[in-house]
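Chain letters run A, B, ... following the sequence lines, proteins first and then strands; every chain starts at 1. Keep in mind that this is a model prediction, so the values were computed, not measured.
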Protein chains: 2
Amino acid sequence: MKRGTSRDIRTANRYEVLRQIIAASPTSRQELAAATGLSLATVATLVGELLDLRMITEVGFEDSAGGRPRGLVAVNASGGALIGVDIAETYVHVELFDLALNVLARAEEHMRPGESRPEQVIGHVSAAVGSVVAQAGVEAARVLGVGVSVPGQVDRSTGIAEYAPNWDWHDVPLLDLLSEHIAYPLYLDNPLRASAVAELWFGAARGHGDTVVVNLGTGVGAGLVLGGGLHRGVSNSAGEWGHTTLVLDGRLCRCGNHGCVETYVGALGIMQNLRELSPRSALLHPGDQTATIDALAAGVAAREPEAVKVVRDTARYLGAGIAVLVNVLNPEVVVLSSWVAARLGEPLLEEVREAVARHALKRPLAASRIVLSPIPTDPVCLGAATFALEGALQSVGQRSTKRTSPARSRTAPSA
Amino acid sequence: MKRGTSRDIRTANRYEVLRQIIAASPTSRQELAAATGLSLATVATLVGELLDLRMITEVGFEDSAGGRPRGLVAVNASGGALIGVDIAETYVHVELFDLALNVLARAEEHMRPGESRPEQVIGHVSAAVGSVVAQAGVEAARVLGVGVSVPGQVDRSTGIAEYAPNWDWHDVPLLDLLSEHIAYPLYLDNPLRASAVAELWFGAARGHGDTVVVNLGTGVGAGLVLGGGLHRGVSNSAGEWGHTTLVLDGRLCRCGNHGCVETYVGALGIMQNLRELSPRSALLHPGDQTATIDALAAGVAAREPEAVKVVRDTARYLGAGIAVLVNVLNPEVVVLSSWVAARLGEPLLEEVREAVARHALKRPLAASRIVLSPIPTDPVCLGAATFALEGALQSVGQRSTKRTSPARSRTAPSA
DNA sequence: CGGACTTCATAAAGCCCCTTTCCTAACCCC
DNA sequence: GGGGTTAGGAAAGGGGCTTTATGAAGTCCG
């Protein structure tokens, strides 16, 4: 049972104010107070803190119609840089952001199927991180942190990748290994939670209540934003909706079970849906998920019956799976995220809405909006970078312990 | 976005301290501080409050082995009474509790199938409430509140039963109607949340993290205790797991969909499982759920193959359904509650554990314990009474608004 | 049997957080 | 350039929790 302290309120408010500033930059203290529901005084204090941190700057005044003009603050984009690392089965994707969360540089490393040893992955990551820092030309001291997303089960406090199903990793001390190559503060979590936190800060969950972020990629899962924060579960593995049984005794899943949601709506599952509909379809690119999904998206855009049918079949499965989440969690928003959702886009969304409506109860259904992720870039990178941002913000509140020198961050902020 | 205030911390702490006192009565301030993680001073303050409210009393001292002996406090059982009302499809069950949550009196009213109008139900409720108060012989002023659980969708703030599927109620202002007959403070919610809060205060969720309370009765659903509190969802309808699709195109459910969990593991679903296994089984009491489940329980105890098989089949469905909750929510505890679970007991539990293990992922599975509800009485009544207790405790913190007379409770505490 | 030691409980002071209130600053308009 | 208006900061106030100090109530032992 974790107990809340008044400090947590402060931290939450600090997050909220910064979120709001990033979302509506430039903005005034008045607007912030209205948007957050905090008093003017509190907003002013928090804005002062953020100004001290050089995360935001004063950028002039609003035009006044009688009365003192409102001072405007905006994100100090050049006040620091954040790096998000999205480690996936076949690639490592790294993006460097300014504090307004604009992408300043990106790097992508492809991993061949054989490359599964931690050292190999770490090699790719550190190369890509080095690359984005060089590209963006930011001083090393400006990098506030690096968020790393790795599939599977992670322990964020120890930085250990406890289990990564795709590479059969067990208890790899990923953060320690990475810290030998990367001298910035590091934060570890998994892609489900990364994309959820991205939606929470910058996407469809912003300012809303409970939200479910459905990730549709090669792997499938759900990030849960409940009660204004990430729901992690007792062992930080909540959201494994992709390995939930959708069809009793259905398709064999790589997790060992049968009929998992992932085997019907993951990229490979969709390929299978296509294959079952028309084994020698021209849309099918065996062994290439991306190409197949792209072909499908193009086909749907051209109203090819085959493509439309596959998307509809997929949405039917997806709708049944999402209806479970809607009924059980009663969220305000359901976000479809990750690359498969992005490419299939609106047509998928429409079909999913219909399918969910067929399976969910009226009341929870009526309370939920199902939307595509409004985040234009890789949500996992963005979310990972957000973990770094949260980390940088967290340490603000910490006071130095009595009679001791001020606390130093875990890794010195110098390349 | 609800924002937390320091007042909420106080309320949570007050709950926590009282919970602890009820659980380990008598106990000392020292033990309370250790158990809650609060400082001695805070515990002393809260204990003082509860003493002032006459909810607890000082009951002597602990033996000392050198040093001042610890003062002991215990629940003041006679300090007040709480009433829990469990309105179900076929009965109204009412229990009156003392503050230690012992049952002092109970009353049960049966409802014939035709009786579905709100006035009829209210008649039963007020009769039963009157009965328990008379039986227990408590002064009316001592009744701190009445918690009412009604199936379906409720709005607890307005006290409206928005939708009750079994009677086809729509927007019945139940609390207003009840307050014409019952002069105690009233609190409305649904059985899922009632049994969840019962587990949170007095059962398997006590002191643990995220917990899922699986209700197996005629209706089926899950109460969610996440982050130390009830998860309600955006429209207070979270937990509708019973109407989640378990078998695509499966049995027709009364909710209109096919293949809902409830149609396989609810009392009627279990009867159907039995019927499909052996249409003219001696265990089957057509039209009588209770008798059938009882017969099944007896059969399992006697190791009758037919009964064992039905329980196994049921557990297989149940396991698949619970595995979804385990994977998605990653709870620390899963509680099997309500009358079907209570009657089928250990044999069901064993089978369920095995079945869940077959469907859930290893990590979340390893983190969860699946248990039967340790609550010996009707958990819904207990939970409903707990809502009343929470309500009585809530008003402690409220200060009278400025320049006005002290706030009065909604219904005067006099019969 | 009374002082010394131990342990509990309450009171006081300090810190953190948020809000309300008051006052000055800054700008518009006439 | 004064009056009206609005912004923003400083101070005061209220609630909460913790640490520290002090008094209270025992045991133990000389």
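- In this structure, CZ of Phe61(B) is placed 18 Å from P of dT7(C), rounded to the nearest angstrom.
- Residue pairs meeting the salt bridge (charged side-chain N to carboxylate O under 4.0 Å, His left out) criterion with at least one partner in residues 29-48 of chain A, sequence neighbours excluded, are Arg29(A)-Glu58(A).
- Taking atom CG of residue Leu38(A) and atom C1' of nucleotide dT19(C), one finds them 10 Å apart after rounding to whole Å.
- Summarising the geometry, the separation between CG on Asn13(A) and P on dT19(C) is reported as 8 Å, rounded to the nearest angstrom.
- Put simply, Ser6(A) has no side-chain N or O that comes within less than 4.0 Å of OP1 or OP2 on dC16(C).
- Here dC27(C) presents its P atom at 11 Å from CG of Asp63(A), a figure rounded to the nearest Å.
- Distance CZ (Arg29(B)) to P (dA25(D)): 13 Å, rounded to an integer number of Å.
- Annotation: the span from Ser237(A) atom OG to Arg193(A) atom CZ amounts to 7.0 Å, rounded to 0.5 Å.
- Taking 4.0 angstrom as the limit, Arg70(B) places none of its side-chain polar atoms (N or O) nearer than this to OP1 or OP2 of dA9(C).
- For the residue pair Tyr15(A)/Gln394(A), the side-chain donor-acceptor check at 3.5 Å is satisfied.
- Residue Glu58(A) contributes atom CD, which lies 12 Å from atom C1' of dG9(D) at whole-angstrom precision.
- A donor N or O paired with an acceptor N or O is not found under 3.5 Å between the base of dC27(C) and the side-chain atoms of Arg68(A).
- The nearest whole Å value for the distance from the CD atom in Glu62(A) to the P atom in dA26(C) is 18 Å.
- Looking at heavy atoms from C-beta onward, Glu199(A) lies in side-chain contact with Ile375(A) at the 4.5 angstrom threshold.
- If you measure from atom CD1 of Ile9(B) to atom C1' of dG14(D), you get 15 Å, rounded to the nearest angstrom.
- Ser368(A) places a side-chain N or O within donor-acceptor distance of the main-chain N or O of Pro331(A), the cut-off being under 3.5 Å.
- Ala41(B) comes within 4.0 angstrom of a base, heavy atoms only.
- Proximity note for Pro69(A) (side chain, C-beta onward) versus dT18(D), dA26(C), dG16(D): the nearest is dA26(C).
- Counting only distance, with no hydrogens or angles, the side chain of Thr211(A) and the backbone of Gly209(A) share a donor-acceptor pair below 3.5 Å.
- Applying the 4.0 Å criterion to OP1 and OP2 of dC16(C), one finds that Arg7(A) has every side-chain N and O outside that range.
- Comparing the start and finish of the helix from dC1(C)-dG30(D) to dC30(C)-dG1(D), five pairs each, the helix axis swings through 30°, to the nearest 10 degrees.
- The backbone N or O of Ala41(B) sits less than 3.5 Å from a side-chain atom of Thr45(B), completing a donor-acceptor pair.
- Along DNA chain D, the nucleotide nearest to Thr45(B) and the one nearest to Ala44(A) differ in position, and the one closer to the 5' end is contacted by Ala44(A).
- Within 4.0 Å of Gly48(B), counting heavy atoms only, lies no atom of the nucleic acid at all.
- Contact annotation: Gln30(A) reaches the phosphate of dG8(D) (side-chain N/O to OP1 or OP2, under 4.0 Å).
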